[in-house]
Every structure is written in C-alpha cells, then in structure tokens.
Amino acid sequence: MKKVKVAFFDFTCCEGCQLQVANMGEMLLDVLDLIEVVEFREVMSEKSNDYDVAIVEGSITTSHAVERIKKIRKTAKVLIAYGSCAAIGGINGMKNNFKLKEIREYVYQKDAKHFDTIPTHAVHQVVPVDYTVPGCPVYIPEFIQVLKAALSGLPYNVPDNAVCVECKLNENECMFDKGVTCLGPITRAGCNSWCINNGNICYGCRGMVSNPAENGQKDILEKHKISLEWIENKMNMYNKSRELGELK
Amino acid sequence: MGKYVTLKKSDFNEFIEKLSKIKPVVAPVAKGKKSFAFAEVTTGEEVALQYIPTILPPKKYFMPQKEKILEFDKKKQDWTPILEYSEKIIFGVHTCDLAGIQSLNIVFTTKPKDINYIVRKDKLVIIGLECNNYCDEHASCAVMDNHLPNGGYDLFFTELKNSFMIHVNTQIGDEIIKRIKLFQEAKKQDFQQLDDLRAAKRKIFKDEVKVGHEGLKNLFDKSVKSKVWKDIDSRCVACGNCTNVCPTCYCFDVKDDINLDFNTGARYRVWDSCQNENFAKVAGGESFREDRGSRQLHRFMRKFSYPVEKFSRYFCTGCGRCSRTCMAQINLKETINALVKEKK
C-alpha cells in the first residue's frame, strides 16, 4: 500500500493531543508503516503543501486562523478534527463566556488593538470535517480506530451514548455514590471511561450526547443537591462553543 | 432431599484457600463505599459474605462485556472462529443471580444455540449463597419467587449460627467436597436450624409490590398506553445503566476490528443496550424507539411480558440492580405500584 501523506496542524490548543501520538509507543511504528508524516511542528521542521490527510488540533479563535483552516481544507482530501479544542471548541470556549472586547482587553491590556480575536469555534463550525476524535487529550485507541477508518474510507461515528455505559462495563463505583459530581451521564462515550477508571471524574471533554434529557438531568442534580449553575459551569469548561452555530 | 454437609465458619478461610488451588475463584468483594463486584480471591478474608448485589451480575463470566468471536485474514480469504473461555469457580452467587444465570441458559441454549456461551458455561462452577434477610429496599425477590433456592448451582451455602449448611447439587459439587476434606456430615440439629431459617425467611420475605407474581404479566400487557411511561420519559437520561447491570439483559452488537496491516483482524461481540440512542435506529436515520419512555417500556416488557410468552418465565429476578443504579431514580417497585394504582 502506498503511504498516505499526513500533515499535523495546530490552532488554539496546548498541542498535548499531538504529543499523545508520540506516547503511542510501539504502535507508532505500525502507524508509520502506513503514513508519511510531511508536516508536524512538534517533531520536525519540514513543511509541506502536499498532503492527503490533515490532522487538525486546536480551535479557531482568530480571523487569520479562519483563512488558514480554509486553505488546509482545500488542500486535504480528508480532514480530521483532533482533540477537544478542534472537535468541540474545548477549554478555549470559556472565552465565549465574556464579551469579546472585554476579554480581549483583559488579556492583552494596552496592546489589545493589535490582537484580532473572534469567538472560539470548533473546526466543524468553520469548515466541513470528515472525522472527529474528541478528548482532552485524545484517547489513543480511539485515534487508531479513526485513522483506520480514514485510511480505508469508512465512516467513524463518535458514540452517542453516555460515558456511564462504558463506566458500568468497567464496574467502577459510581462517582455520585461517592458524593462526587461527574459529567459521565451527559458526555459521549468512546474513551472507555478512562478518567473514572483512574479515580478521576468525567469533565465532559468529549462533548455532550446529542439528546441529553434536560428534565432527567435536573432530577439527578436535585437528588444529589447540586445547583444548576454549578453544573453549567462544569459543562461549560469544555462545551461552551456548542452554543455557536456555523461561522458565517 | 439430596446430600447436605456442613462447614465450620472457622474453616471458611481455609476452604477458600483450598478452593482457589483447584481453579481460580471469583467472589463478591467490597468496591468503594457501598459497592461490590465479583473479582478473583485467594483467601476467605477477601470475600464479602454480607453483600448487596454486585455492580455487574455474574453474567460477565457467562457473556463477557467484549468477546472475540473470530479472526480473519483478507488476503488468504480465511476466517477462524474463536472461542474464549476460562475455568472458574464463582463463589457466593445469590438466589436472584442464580435465576439470572438460569434465564441466560435458556436463551442461549434455545435454537439458534450459542456454542460460545454453552462451552463457556460448562467451564464455570457455581457456588450459591443464601440471603438470610433482605439486602436492601430495592430487592423484589419474593414477588419474583427468587428468595429461596431454585437450583442452578453445584453447591449452595446457607449461613447458620456457627457453620455453613451446604447443599451438594451436582457431581462437580460433590467432587469439590471430597477433595477439600473440611466438611462434616449434616446433623439433625443442622437441618433444624435450616428449617427454622427458611420459616423465618417466609415471614420476612413478602411480595414487595401491590400485585402478585401471576398478575405481573397482565399488568404490563395492559400498560402500553399508560401515563407512567410519559413520566418515565421525562426522567430517563438513557445512560443505559439499568440494562448493563441487569442479570438477564443479553443484547449485543457485533463489531469488526481490522489491524493496522489492513489485512488481519477480529470480530467482537460487545454488550449493547436498548436504552442507547442508536439502538433502534435503522438505515435512513429512522428510530423505532426515539423517546426514552418507549425504550423503558420495552425494557420492562422484556422482563415481564415477552419472555413469559417465549420461555414461560419472568426475566426480572428481583435483584433490584436497575433501581439501585438508576441515575434518575426510576425505581422498579415504584413503577409497578404506579401501574397498579393507575389501573384501580
């Protein structure tokens, strides 16, 4: 099989998801048998305008980034939104909690006028995306799944059921039973309840299920004496950009 | 009446140690504050003799959450069926879970027979453990008629004052008794204690809902248009907890996974849930059960109506796991009582 040319790009993010590629260990060697990495800022200095697959990390937060992602979309045959920032806006979406002008001045102070900024958008809110790997950071087994799907031209759908499903199969004690609030019931599965398996709560980094049953969720909050405002704050840590439509 | 032996409580630790030398032993162990799970043990101290139903039922040993069923090689046009199994002794199975295993046995041995299940089941030794009292308020084992042993085990332990009374039900069970040599013959006073215990249990365990065993099917059959499902629809969050923890839910999905060589790979069977958003979705994007109320109705019908028609048996064991685990406090006993109330 001819090697597929793959380029990694980063927008507003910590580049930690790309670092996960380096953490793959031995499997990385198998992956490198299939792909030729032509651009990857974290590991090489070469750049390229000739690639089949673009793996995009980070959210779109400036008009310059809008132009850049449009260009990448034009060149790439396949575009993969990689990591929470690219998939759902992620942590950067917290910017959207504030008035744009105010937050810009708060961050850049007197130099604010030199720094262009737009509300935080997920990649799919700006250009069409073929595959999505949510997660902060991405869960490598899922990335491998997506890579395999992309290279063989098959679709990959991020599961649309709650993290609770996987968490139960892993037989974890429920965080709510421990008296801790967890976003598992509204967050999309696919990470094999990675955080809860390791004693942490679910922070909702994979985005919300498409049909999260608002009333039912309110009952749960009431049962556990959790205020709506508090849980909204928790949800908005990763999911604030969901409120935006496509970038016009 | 069968064969009965006794085991001194002081010999219990040694029993588990010796048992684990025959085959790996799994038993309920404490997990966190108020949860339990079946896990491998080598000493009696690890075993939680007083436990409420485990997070997942022992179903996980009979049909694992993820099971490889075949391997394939595209270039060679070759596929090999795979049968995954392991020898185990499951100690401490409550009567509700014994009923669950019996239900699964019926499903998977009815045509089309499931060879993987049947082979795996035959590698598992089951040692039951009697509940002398209710585990908690969620149990409804009496109305489901599962509070007393109804078979389905190799050995069955009942805790008496200073000893365990053990019913030897199969040859496999008998071999274990002979091999471990810690047991005494059951005496008259042991039988008396067992009889007293069962008599006391008959007083403690009463129908937990406002309808009797026989009336349950009819209640559900006539409930299809009930408002109760509308209420449940607004509360359910479709997390799928209720079906995943159910000892008789057996729905699965089959998934292929190709290796990075894009040639070899494997096919897996994984648990699925009728509560999941996409479970009843078909080509074209239509879903047969779009709202959560209809999915919950379906779940209840799969316990109280359909299996009665197909297998002459309720598929609710009364273990209470679905109520215990529900994020939204949808409660089996309350649901049944609400249907009864509405009917009146």
Side-chain angles (χ1 to χ4, degrees), chain A residues 1 4 24 26-35 141 144-145 147-149 151-152 154 157 159-180 182 184-189 192 199 209-224, chain B residues 29-39 54-57 60 64-66 74 231-246 255-263 265 270-273 275-279 281 287 290-293 296 321 324-330:
Chain A
M1 201 154 83
V4 176
M24 251 188 228
E26 268 182 49
M27 210 190 282
L28 183 59
L29 300 174
D30 293 334
V31 170
L32 290 174
D33 279 344
L34 295 166
I35 63 171
I144 299 284
Q145 289 282 59
L147 201 60
K148 285 192 279 198
L151 295 180
S152 45
L154 295 168
N157 298 317
D160 197 9
N161 46 260
V163 170
C164 295
V165 175
E166 290 170 345
C167 196
K168 269 291 162 277
L169 299 193
N170 287 321
E171 234 176 343
N172 293 315
E173 184 186 29
C174 182
M175 283 292 165
F176 285 90
D177 284 346
K178 287 188 189 175
V180 189
C182 171
I186 47 166
T187 304
R188 280 172 180 257
N192 192 31
V209 291
S210 65
N211 189 0
E214 211 175 304
N215 286 330
Q217 299 293 351
K218 280 180 188 159
D219 281 355
I220 297 176
L221 299 181
E222 218 166 276
K223 168 181 161 189
H224 295 281
Chain B
V29 298
K31 189 159 190 177
K33 272 186 190 166
K34 45 184 172 179
S35 303
F36 297 86
F38 277 94
T54 47
I55 300 174
L56 292 183
K60 65 179 180 179
Q65 295 93 314
K66 185 178 182 185
K74 276 167 72 182
D231 170 52
I232 286 184
D233 179 66
S234 69
R235 288 157 62 204
C236 175
V237 296
C239 65
N241 281 355
C242 51
T243 58
N244 280 331
V245 302
C246 179
K255 290 181 174 173
D256 286 349
D257 192 13
I258 199 156
N259 294 328
L260 281 165
D261 61 9
F262 283 92
N263 179 46
V270 292
W271 290 7
D272 205 348
S273 165
Q275 303 306 306
N276 289 348
E277 195 69 29
N278 292 331
F279 185 83
K281 213 176 233 182
S287 175
E290 216 159 39
D291 64 286
R292 298 180 183 83
Q296 283 291 342
R321 282 189 179 87
R324 225 169 267 123
T325 194
C326 181
M327 299 300 300
Q329 280 181 301
I330 295 167

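Chain identifiers are assigned alphabetically (A, B, ...) following the order of the sequence lines, protein sequences preceding nucleic acid strands; residue numbering begins at 1 within each chain.
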Worksheet item: Mind checking whether A/Met27 and B/Leu260 have side chains closer than 4.5 Å, heavy atoms only?
Response: yes
Discussion item. Less than 4.5 Å apart, side chain to side chain, heavy atoms only: is that true for B/Gln275 and A/Val165?
Written reply: no
What's the spacing between [X] [atom1] and [Y] [atom2] if we round to 0.5 Å?
{"X": "B/Cys239", "Y": "A/Asn161", "atom1": "SG", "atom2": "CG", "value": "10.0 Å"}
{"X": "B/Met327", "Y": "A/Cys182", "atom1": "CE", "atom2": "SG", "value": "7.5 Å"}
{"X": "B/Ile258", "Y": "A/Leu151", "atom1": "CD1", "atom2": "CG", "value": "11.0 Å"}
{"X": "A/Asp33", "Y": "B/Asp261", "atom1": "CG", "atom2": "CG", "value": "10.0 Å"}
{"X": "B/Asn278", "Y": "A/Ser210", "atom1": "CG", "atom2": "OG", "value": "7.0 Å"}
{"X": "B/Lys255", "Y": "A/Gln145", "atom1": "NZ", "atom2": "CD", "value": "8.5 Å"}

Fill in: Residue B/Val237 versus chain A: region with a heavy atom under 4.5 Å
both
Item to complete: Measure distances from B/Thr243 to the heavy atoms of chain A and classify the residue's part below 4.5 Å as side chain, backbone, both or neither.
Response: neither
For chain A, find which of [options] contributes the most heavy-atom pairs closer than 4.5 angstrom.
{"options": "B/Asn244, B/Thr54, B/Ile330", "value": "B/Asn244"}
{"options": "B/Lys33, B/Glu277, B/Arg292", "value": "B/Arg292"}
{"options": "B/Ala238, B/Ser273, B/Ala37, B/Cys326", "value": "B/Ala37"}

Worksheet item: Using non-hydrogen atoms only, which part of A/Lys178 is less than 4.5 Å away from chain B: side chain, backbone, both, or neither?
Response: backbone
Discussion item. Please classify the contact of A/Glu222 with chain B as side chain, backbone, both or neither, using a heavy-atom distance under 4.5 Å.
Written reply: neither
Practice prompt. Taking all heavy atoms of A/Glu173 and all of B/Lys34, pick out the closest pair and write down the distance.
Written response: OE2-N, 3.3 Å
Worksheet item: Which atoms form the tightest heavy-atom contact between B/Ile55 and A/Lys168, and what is the distance?
Response: CG2-CD, 4.0 Å
Discussion item. If the condition is side-chain contact (heavy atoms from CB on, under 4.5 Å), which residues does B/Gln65 pass it with, not counting sequence neighbours?
Written reply: A/Leu169, B/Leu56, B/Lys60, B/Trp271
Fill in: Pairs involving residues 232-241 of chain B, ordered by first then second residue, that meet side-chain hydrogen bond (donor to acceptor under 3.5 Å, both in side chains) (sequence neighbours left out)
B/Asp231-B/Arg235
Worksheet, complete the sentence: From the list A/Val209, A/Asp177, A/Asn170, the residue making the most non-hydrogen contacts under 4.5 Å with chain B is A/Asp177
Discussion item. Any side-chain to backbone donor/acceptor pair from B/Lys31 onto A/Glu171? Under 3.5 Å, distance only.
Written reply: yes
